[in-house]
**Student:** 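Let me begin by handing over the structure; questions about it come next.
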Amino acid sequence: MSDAKLFRRIARMDEDFPGQLATFKPALKGLVPDDINFTEDSYDELFVLLASALYYARDAKLRKTSANKSGGNPKLVSVLMDEGVKDKDAVLAERILDRIAPYVPPKVMIATLATMHASQTPEFREYHGAIQRITADLYRIVSGFEAAEFCPKALIRWASGPNRATIQSALNGE
């Protein structure tokens, strides 16, 4: 077992972590490969989806332009906003992002962003606007510029830390 897999497995053994993810379990059904146990193989998808949902929850303009034909947003966004913009679930999502960020490999994350954005299934099509925003913010961060106003703090820390060079080369297709 590689060191990265070992560390991800140790992180997952945290007592609070599965309980925190249980809050979002119904909204993540069908979006994450292992939406029952949320194994370490699902961290990149979780990271993208939770960051996307935070963008939508915080940015009304993005939320409005990305709404489906009936004016609705993804189920996960509804969970994050059912008590308003300062919803405790949004705070929990930010904590989960902080928790899993060190275990999300940059190249896998970039590939996940590309795959989710290319998917035309209704479940993922709802997230296209936020995925574009994540990618744009990643470019900004690794280029030395500030991220957009509503960028989750965990994404900023993840992209501006030791992963910066790897993210930049992955974004450039190297």
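We count residues from 1, following the sequence as given. Remember, predicted model here, so these are calculated numbers, not experimental data. Note: hydrogens, waters and symmetry copies are ignored here, and every other heavy atom, side chains too, is used.
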**Student:** Hydrophobic cluster membership, with links at side-chain heavy-atom distances under 4.5 Å among I/L/V/M/F/W/Y: are L155 and Y139 in one?
**Tutor:**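 Yes, L155 and Y139 fall within the same hydrophobic cluster.
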**Student:** Using modelled atom types only, decide if a donor and an acceptor are shared between the side chain of E94 and the backbone of A154 within a distance under 3.5 Å.
**Tutor:**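 Indeed, once roles are kept as given, a pair shorter than 3.5 Å links the two residues.
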**Student:** Test of understanding: clusters of I, L, V, M, F, W, Y form through side-chain heavy atoms closer than 4.5 Å, transitively. Do V108 and L46 belong to the same one?
**Tutor:**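 Looking at the clustering, L46 is in a separate group from V108.
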**Student:** Is there a donor-acceptor contact under 3.5 Å from the side chain of H117 to the main chain of F124?
**Tutor:**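 No, H117 side chain to F124 backbone: no donor-acceptor pair under 3.5 Å.
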**Student:** Between T65 and K61, is there a donor-acceptor pair closer than 3.5 Å when you use the side chain of the first and the backbone of the second?
**Tutor:**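 Here the side-chain-to-backbone pair exists.
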**Student:** State, yes or no, whether a side-chain contact exists between L31 and E45 at a heavy-atom distance under 4.5 Å.
**Tutor:**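 The answer is no, as the side chains (C-beta and beyond) never meet within the 4.5 Å cut-off.
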**Student:** Check whether any side-chain heavy atom of S52 sits under 4.5 Å from a side-chain heavy atom of I134, and report yes or no.
**Tutor:**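 With C-beta onward as the side chain, the pair touches.
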**Student:** So, for D137 and A148, which heavy atoms are closest and what is the spacing to 0.1 Å?
**Tutor:**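 Heavy atoms of D137 and A148 come nearest at OD1-N, 2.8 Å.
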**Student:** Kindly indicate whether the side chain of D59, heavy atoms from C-beta on, has any atom under 4.5 Å from the side chain of R133.
**Tutor:**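 Yes. Closest side-chain heavy atoms under 4.5 Å.
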**Student:** Hey, are the side chains of W158 and V104 touching, using non-hydrogen atoms and a 4.5 Å cut-off?
**Tutor:**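 In contact.
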**Student:** Check this for me, if you would: do R95 and D98 make a salt bridge, where the nitrogen-to-carboxylate-oxygen distance has to be below 4.0 angstrom?
**Tutor:**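 Judged by the 4.0 Å cut-off on N to carboxylate O distance, R95 and D98 do not form a salt bridge.
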**Student:** So, for F24 and D89, which heavy atoms are closest and what is the spacing to 0.1 Å?
**Tutor:**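 Minimum heavy-atom contact is CZ-O, 3.4 Å.
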**Student:** How close do I100 and Y43 get, heavy atom to heavy atom, and via which atoms?
**Tutor:**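 Closest approach of I100 to Y43: CD1-O, 3.7 Å.
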**Student:** Test Q120 against R125 for side chain to side chain contact (heavy atoms under 4.5 Å, CB included), laying out the working first.
**Tutor:** CA-CA 6 Å; Q120 291 303 313; R125 199 171 35 236; 3.8 Å; yes
**Student:** Under the 3.5 angstrom rule, does the side chain of Y56 hit a backbone N or O of A130 as a donor-acceptor pair?
**Tutor:**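 Checked: pair present.
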**Student:** Taking only residues two or more places apart in sequence, or in another chain, which ones meet R164 in a salt bridge (Lys or Arg N to Asp or Glu O under 4.0 Å)?
**Tutor:**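 Expected list: none.
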**Student:** Work out which heavy atom in V77 is nearest to a heavy atom in A53; give both atom names and the distance.
**Tutor:**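 So the minimum-distance heavy-atom pair works out to CG2-CA, 3.9 Å.
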**Student:** Taking T166's backbone N and O only, do any of them form a donor-acceptor pair with S169's side chain (distance below 3.5 Å, no angle check)?
**Tutor:**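 Side chain of S169 to backbone of T166, a donor-acceptor pair under 3.5 Å: yes, one is there.
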**Student:** Are E146 and C151 side-chain neighbours, meaning at least one heavy-atom pair lies under 4.5 Å?
**Tutor:**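 No, their side chains stay 4.5 Å or more apart.
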**Student:** When you measure from the side chain of Q20 to the backbone N and O of I96, does any donor-acceptor pair fall under 3.5 Å?
**Tutor:**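 Answer holds: no.
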